[in-house]
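One structure below.
When a residue number appears, it is its place in the shown sequence, counting from 1.
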Amino acid sequence: MLKVENGIANGVFDVDKDFKTGTYTFKAYTNWMLNFSKESFFTDSFDVIDPQETKVVAKTKKSDKIDLQILPVKWPSTYWCY
């Protein structure tokens, strides 16, 4: 639980060894928000990567070739740049 002051709450939580590699969803809501649909809840996702079980992908060599493209831009006559 987080203390709310003037409508604002902040805090952190530790991601310890019990979290396995994957995408987790964080949801936050107040008791008052329970009167409404779940779409009004704050929801955000974050990824956890366990370095002990995650395979490292070998780096691929980038090409030394430069790809430069110059394309024409048609500006509307109502826009002026100064």
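- F26 and V48 fall within the same hydrophobic cluster, where Ile, Leu, Val, Met, Phe, Trp and Tyr residues are linked whenever their side-chain heavy atoms come under 4.5 Å apart, directly or through other members.
- In terms of heavy-atom proximity, D50 sits nearest to T21 at N-OG1, 2.9 Å.
- In terms of the salt bridge (charged side-chain N to carboxylate O under 4.0 Å, His left out) criterion, residue partners of E5 (sequence neighbours excluded) are, by chain and number, K3.
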All N/O donor-acceptor pairs, side-chain side in residues 38-47, below 3.5 Å, sequence neighbours left out:
unit_1, atom_1, unit_2, atom_2, d
E39, OE1, S37, OG, 3.0
S40, OG, S37, O, 2.8
D47, OD1, T23, OG1, 2.7

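- For F19, the CZ atom counts as densely surrounded, since its 6.0 Å shell holds more than 12 non-hydrogen atoms of other residues, nucleotides or ligands.
- More than 12 heavy atoms of other shown residues, nucleotides or ligands fall within 6.0 angstrom of atom CG in D16.
- The ring-ring contact (aromatic ring centres under 6.0 Å, His included) check on F36 picks up W32, with sequence neighbours excluded.
- Within 6.0 Å of CG on N35 lie more than 12 heavy atoms contributed by other residues, nucleotides or ligands.
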